[in-house]
**Q** 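There's a structure below that I have some questions on.
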Protein chains: 2
Amino acid sequence: MGKAVSKKGEQPSVDKTNFETLNGFTGYHLKRATNLMMSDLNATLKPFELRLLSYTALVLIVDNPRIRMSQLAAAMDVERPNMVVIVDALEGRELISRQRLETDRRAYALNITLAGRSLYEKATVAVRGHEERLTRQLDAQTRDKVIEAMKLILKIGGVAHT
Amino acid sequence: MGKAVSKKGEQPSVDKTNFETLNGFTGYHLKRATNLMMSDLNATLKPFELRLLSYTALVLIVDNPRIRMSQLAAAMDVERPNMVVIVDALEGRELISRQRLETDRRAYALNITLAGRSLYEKATVAVRGHEERLTRQLDAQTRDKVIEAMKLILKIGGVAHT
DNA sequence: AATATTGGTTATCAATCATAACTAATTATC
DNA sequence: GATAATTAGTTATGATTGATAACCAATATT
């Protein structure tokens, strides 16, 4: 209403694009900010030869020693076949180790290696820097409110965990 | 810190997964909520045979009559070759029309058709319902705070527009 | 013991997204 | 005003991502 494009309403529409309707959608803003953050995150992780999913796997393995692959896949919301290639790559770089479980010889217990922990720590410093950089303008209270809002959305959507 | 996994720190780690580190990242929560919203949005648009990008294109064409394809691609942050297939599909369904510009005969002016506007209106009602459903738990003030926060993040990242 | 289920794997396929190269039209340069 | 450079749209293609089907071995179920 009362926007710049006014004046009759049927001229070329070059230069300024009108985002009126899209701007009314919360999801639009969420998606754009998230795209930016994911893109910056991947750039942040590139020096460590990690990507969103491989880094997330590292984090979860550090926080959950001896986690099984299927549990990791569920936690990351990734199909098992895709989990295999992520784990293969991390194991190939000797950042994590697979260990057969004695209690269930189908499954592997995943553990972080020394090299893996070292990379995890360096990468996490970088990721915290990335977060700090991109959310610097938000005061702590706003940031917490945002996180709470995201949790509410997830709860409504019936996504469990946390 | 004082979490459930405690006790020595090297047992199976089945059942409960520890998301401690990930939970500390704003980007993690943003991405999860956004994934949920995009998934629900696509489900919402399916009955109209629209997807995120085709719906966004419709919206921008409605809000910007006679917009050119390249401007639309820039506004949507989509590569031009990919824009072509989106526009082709919409034109194939006669939801939009291509019109050669007299002033620049390389370019097309995109316009919504009657059928396109009708579908746009129905789809937008559904999308508003989807937004309402997923953000119902957020009071208006919180929702606005979230949107402002997203805009701040985008500003830091150097993303223009709006 | 026979059957079903689960953890992990392989192969494969669909969808998404980006890149290179082209034509036609316009703009810039000399 | 001819030549070169750029722009709008297109085509073809390739890389990457994510999902599905089918399989083996081990465990759980009946």
Side-chain angles (χ1 to χ4, degrees), chain A residues 12-15 17 31 34-36 38-39 41-43 45-46 49-57 61 64 66-92 96-111, chain B residues 12-15 17 31-32 34-36 38-39 41-43 45-46 49-57 61 64 66-92 96-110:
Chain A
S13 178
V14 188
D15 43 79
T17 302
K31 176 126 177 66
T34 301
N35 280 352
L36 173 67
M38 292 306 106
S39 153
L41 174 62
N42 276 315
L45 291 173
K46 193 164 328 170
E49 293 181 75
L50 291 171
R51 306 255 295 290
L52 170 61
L53 291 184
S54 47
Y55 174 69
T56 305
I61 291 168
N64 298 273
R66 298 180 62 70
I67 191 173
R68 286 177 288 102
M69 279 185 60
S70 56
Q71 190 185 350
L72 182 59
M76 291 176 59
D77 207 10
V78 156
E79 296 301 318
R80 270 106 68 204
N82 298 328
M83 194 75 253
V84 172
V85 318
I86 296 168
V87 166
D88 276 355
L90 292 175
E91 193 195 26
I96 65 172
S97 68
R98 274 175 169 104
Q99 250 182 5
R100 277 288 179 201
L101 282 188
E102 329 69 37
T103 58
D104 184 344
R105 298 213 313 276
R106 292 169 300 183
Y108 289 110
L110 303 181
N111 273 296
Chain B
S13 179
V14 187
D15 42 80
T17 302
K31 176 123 177 66
R32 284 182 11 112
T34 301
N35 280 351
L36 173 68
M38 291 308 107
S39 153
L41 174 63
N42 275 316
L45 291 172
K46 193 163 324 165
E49 292 180 77
L50 291 171
R51 307 257 291 291
L52 170 61
L53 291 183
S54 47
Y55 174 70
T56 306
I61 291 168
N64 299 272
R66 296 181 63 71
I67 192 174
R68 286 177 290 101
M69 277 185 61
S70 55
Q71 189 185 349
L72 183 58
M76 290 177 59
D77 207 11
V78 156
E79 296 301 319
R80 270 103 69 202
N82 298 327
M83 194 77 253
V84 173
V85 318
I86 296 168
V87 167
D88 276 356
L90 292 175
E91 195 196 25
I96 65 172
S97 68
R98 274 174 169 107
Q99 248 181 4
R100 277 289 178 201
L101 282 187
E102 328 71 39
T103 59
D104 183 344
R105 298 214 311 277
R106 292 169 300 184
Y108 290 112
L110 303 181

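The figures that follow rest on heavy atoms only: side chains count, while hydrogens, waters and symmetry mates do not. Below, chains carry the letters A, B, ... as their sequence lines are ordered, and counting in each starts from 1.
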**Q** Please report, rounded to the nearest Å, how far the P atom of D:dA19 is from the CE atom of A:Met83.
**A**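 Going from A:Met83 (CE) to D:dA19 (P), I get 13 Å.
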**Q** Remember a base hit wins even if backbone is also touched, and classify A:Leu53 as base, sugar-phosphate or nothing at under 4.0 Å, heavy atoms.
**A**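 A:Leu53: backbone/sugar contact only, no base atoms under 4.0 Å.
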**Q** Can you name the side-chain hydrogen bond (donor to acceptor under 3.5 Å, both in side chains) partners of A:Ser70, sequence neighbours left out?
**A**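 Expected list: A:Arg68.
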**Q** Using whole Å, report how far NZ of B:Lys46 lies from P of C:dA15.
**A**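 B:Lys46 atom NZ is separated from C:dA15 atom P by 12 Å.
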**Q** Could you check how far NZ of B:Lys31 sits from C1' of D:dG18, rounded to whole Å?
**A**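 The distance from NZ of B:Lys31 to C1' of D:dG18 comes to 12 Å, rounded to the nearest Å.
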**Q** Starting at CZ of B:Arg105 and ending at C1' of C:dT23, how long is that distance when rounded to a whole Å?
**A**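 In whole Å, C:dT23 C1' lies 14 Å from B:Arg105 CZ.
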**Q** Could you run down nucleotides 1-13 of chain D 5' to 3' and tag each one B, S or - for protein heavy-atom contact under 4.0 Å?
**A** ------BSSBBB-
**Q** Report the distance from atom CG of A:Asn35 to atom C1' of C:dC17, rounded to the nearest whole Å.
**A**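 So the two atoms are 12 Å apart, to the nearest Å.
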**Q** Could I get the full list of side chain to side chain contact (heavy atoms under 4.5 Å, CB included) partners for B:Glu49, not counting sequence neighbours?
**A**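 By the side chain to side chain contact (heavy atoms under 4.5 Å, CB included) rule, B:Glu49 matches B:Arg93.
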**Q** What is the distance, to the nearest angstrom, from the CD atom on A:Glu79 to the P atom on C:dA11?
**A**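 Answer to the nearest Å: 19 Å.
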**Q** Pair up each side-chain donor or acceptor in residues 76-91 of chain A with any protein partner under 3.5 Å, not counting sequence neighbours, and list the distances.
**A**
unit_1	atom_1	unit_2	atom_2	d
A:Asp88	OD1	A:Arg98	NH1	3.0
A:Asp88	OD1	A:Arg98	NH2	2.7
A:Glu91	OE1	A:Arg98	NH1	2.5

**Q** Can you name the side chain to side chain contact (heavy atoms under 4.5 Å, CB included) partners of A:Ser39, sequence neighbours left out?
**A**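 Result, side chain to side chain contact (heavy atoms under 4.5 Å, CB included) vs A:Ser39: none returned.
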**Q** Check the distance between D:dA19's P and B:Asn42's CG and give it to me in whole angstrom.
**A**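 So the CG-P distance, B:Asn42 to D:dA19, works out to 13 Å.
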**Q** Would you check if B:Tyr108 and B:Arg100 make a side-chain contact, meaning some heavy-atom pair closer than 4.5 Å?
**A**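 They are in contact (side-chain heavy atoms under 4.5 Å apart), so the answer is yes.
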**Q** What is the distance from CD1 of A:Ile86 to P of C:dG7, rounded to the nearest Å?
**A**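 Whole-Å distance recorded here is 18 Å.
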**Q** Considering residues at least two apart in sequence or located in another chain, which fulfil the side-chain hydrogen bond (donor to acceptor under 3.5 Å, both in side chains) criterion with B:Arg106?
**A**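 Here the qualifying residues are B:Asp104.
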